[in-house]
Amino acid sequence: MDTCGSLRRSDVGRQVTISGWVNRRRDHGGLLFIDLRDHYGITQCVVEPDEKAFAAADQARSEWVLSLTGKVVARTAETVNSDLPTGEIEIRIEEVAVQSRAQELPLPVFGDMTYPEDTRLKYRFLDLRRERLHRNITLRSKVISSIRRRMIDGGFTEFQTPILTASSPEGARDFLVPSRLHPGKFYALPQAPQQFKQLIMVAGFDRYFQIAPCFRDEDARADRSPGEFYQLDLEMSFVTQDDVFAAVEPVLHGTFSEFADGRDCGPAQFPRIAYDESMLKYGNDKPDLRNPIVIADVSGVFAREDVAFKAFKGKTVRAIPAPGSASQPRSFFDRIDGWAKSEMGAAGLGYIVLEGEGGKGPIAKFLPPAALQALMEKCGLKAGDSVFFSADAKPERAALLAGHARTRIGRDLNLIDDKLFRFCWIVDFPMYEWNEDEKRIDFSHNPFSMPQYPREKFLALDRSDRDTILGLKAYQYDIVCNGIELSSGAIRNHDPDVMLKAFEIAGYAREETETKFAGMLNAFRYGAPPHGGTAPGIDRIVMLIAGEENLREVTMFPMNQQAQDLMMNAPSEVSPRQLKELHIRTVMPEKG
RNA sequence: GGGGGCGUAGCUCAGUUGGUUAGAGUGACGGCCUGUCACGCCGUAGGUCGCGGGUUCGAGCCCCGUCGCUCCCGCCA
């Protein structure tokens, strides 16, 4: 079939019919051009006033749907459009069939202007016609198909798991679905097929994957859709952490390389960075390795006796080098400092500018030459650089602010090369963390991870061994690419005793764990293989490959940040009868 | 739940120190134009300056509140 993208010089002379939307209409009085657009491309069609099709063609407006019939003719050399694949030909319109008209558009399809998000979401079907979104969504399909092929080639088998399942006590807030048959009871939409995939391993299928929908009732971010998203969920039996890495690396690296379009994807094996090291050097657990800035701990420098800067004494001080920034205007430094105050809620970001042999800036005078020298060595600084400081009594807060500052400075100084993909594994996550608000020990990530600790010693742990417990690492790992967490995974805990103990340490009574995870615990008592896996986020992968900074640009029908679908009007009220059937009564919040 | 930014024509935006009748581009509509491909030229219509209150002789502009969108923090095993 002929399309708006298929006709070439070799088709000249043929009588064709093509259908599509009016992309653009150019009326020259004596000559009318209509650019007709479909999924495959754009073809210029032309008609003159003395021809019988002119009147009908003249009626057509932007985004009307037409079927145009006519002869394919070659354009003259001067009128060839080399920007279009179909630019060597045009169609002489002989017949016009109007399939559908269009009102004045709230969102023009033609052109590449930016439009407000709510308009784009409400008229998503129009936005999807536009080149950028149309291309992104098509790319998404190709990426998913490539991933699926690579997984199957790698010996994995795809299975579906339930969408209506049970609420789980750990993790994000669940989406609940009331049960009609069981008054007062609820299903939950799966936050991930976590327990199911482990049960699949117990069932003896040893290499599972699924492009799995996941549902979490949490607030949105640019890289986090509200409500629902997709993961490449995978799990393997009889494997070590290294085996999982070796299975996943070629899939991700291969997929990114396939669609890289000239961008550099880095080594096929991803570097491994321990969680603690990442927190120190990059100030977070999802470092953007395109950014060359490396944070250093300089608490020791400010603790020296010859350094009299009181504001930093006794605090954790992290230094964020800003290479080559000494020549930046004062406003650069003020802007960073102002940003730290207003957006990060910090006291500010001190800095020293290294010009010639000395240092300049508000706190330079507190550092005698020897201390400055020590600082420069510690951070790898040279003349022409400057350095910012993040200080806080709590090391975690100092690290976090430093991490944000590292990102901000790297961006402001244009140090981040957007033609790169830089992957890494973050490994050795802590098993537990201290919850200061509620004064108790929490799981720090996935409660199903295997602790990196001998079994007997782990079983003998007491909740009072707080330092030992908080020092425990887990076989828990993330994949990070360009500062985006792509994937979280673990070697799982398949030992019921260790699992009960692990939950007990986090404050769950044995009976409670037995009830909440009955299915899985029970299964582990009938022969469970050691297993592990991970689950890269599909939406984020596509976002990175598409070069977009927001998931909505790679999602066909996304919700807004308030988790509303502006096109379909979801969520919406339901009839009293529906509520009655579900044994549900709504109680509106009181307006505070 | 908290913080930052934004809100002016269908759409994208400008609007000076608070000053008279709020502008441009684009789109729509009409006219002219035979080679454009962001066609060009002329004209017409199109406004609750998000909403409410306040200050002022006078508010798009200043103040307070509120709503919406967005980015971030909290949250996201």
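Since we're looking at a predicted model, the values are computed, not measured. So that the names make sense, note that chain A is the first sequence line, chain B the second, and so on, each numbered from 1.
- Using a 4.0 Å heavy-atom cutoff across all strands shown, A/Leu105 reaches sugar-phosphate atoms only and no base atom.
- Within 4.0 Å (heavy atoms only), A/Asn550 reaches sugar-phosphate atoms of the nucleic acid but no base atom.
- Under the Watson-Crick and G-U wobble criteria, each requiring two contacts below 3.5 Å, nucleotide B/C6 is paired to B/G68.
- Nucleic acid contact class of A/Tyr115 (heavy atoms, under 4.0 Å, all strands): sugar-phosphate only.
- Taking only side-chain nitrogens and oxygens, A/Gln561 never comes nearer than 4.0 Å to OP1 or OP2 of B/C69.
- Between A/Arg26 and B/C39, a side-chain N or O to OP1/OP2 separation shorter than 4.0 Å is present.
- Residue-level contact check: A/Arg75 touches the bases, meaning some heavy atom is under 4.0 Å from a base atom.
- Within the shown strands, B/C32 is the pairing partner of B/G40 under the Watson-Crick or G-U definition, both distances less than 3.5 Å.
- Comparing B/U36, B/C37, B/G68 by their closest approach to the side chain of A/Asn81 singles out B/C37.
- Among the nucleotides B/G27, B/C75, B/C72, the one closest to any side-chain atom of A/Arg173 is B/C75.
- Using a 4.0 Å cut-off, some side-chain N or O of A/Gln564 falls inside it from OP1 or OP2 of B/C69.
- With hydrogens and angles ignored, a donor-acceptor pair under 3.5 angstrom links the side chain of A/Asp219 to the base of B/G74.
- A/Arg92 comes within 4.0 angstrom of a nucleotide base, judged by non-hydrogen atoms across all strands.
- With centroids closer than 5.5 Å and planes inclined by less than 30 degrees as the test, A/His28 and the base of B/U34 fail to qualify as a stacked pair.
- One donor-acceptor pair, N or O on each side, does fall under 3.5 Å between the base of B/C33 and the side chain of A/Asp27.
- Between the CZ atom of A/Arg129 and the P atom of B/C11 there is a distance of 18 Å, rounded to whole Å.
- Base pairing annotation: B/C13 forms a Watson-Crick or G-U wobble pair with B/G23, both donor-acceptor distances under 3.5 Å.
- One finds a side-chain N or O of A/Gln562 lying less than 4.0 angstrom from the OP1 or OP2 phosphate oxygen of B/C69.
- A donor and an acceptor atom sit less than 3.5 Å apart, one in the side chain of A/Arg224 and one in the base of B/C76.
- Nucleic acid contact class of A/Glu104 (heavy atoms, under 4.0 Å, all strands): base.
- The nearest whole Å value for the distance from the CG atom in A/Asp118 to the C1' atom in B/G5 is 15 Å.
- Dashed line: the shortest gap from a side-chain N or O of A/Arg221 to OP1 or OP2 of B/C73 is under 4.0 Å.
- In this structure, A/Pro447 reaches the bases: a heavy-atom distance under 4.0 Å links it to at least one base atom across the strands shown.
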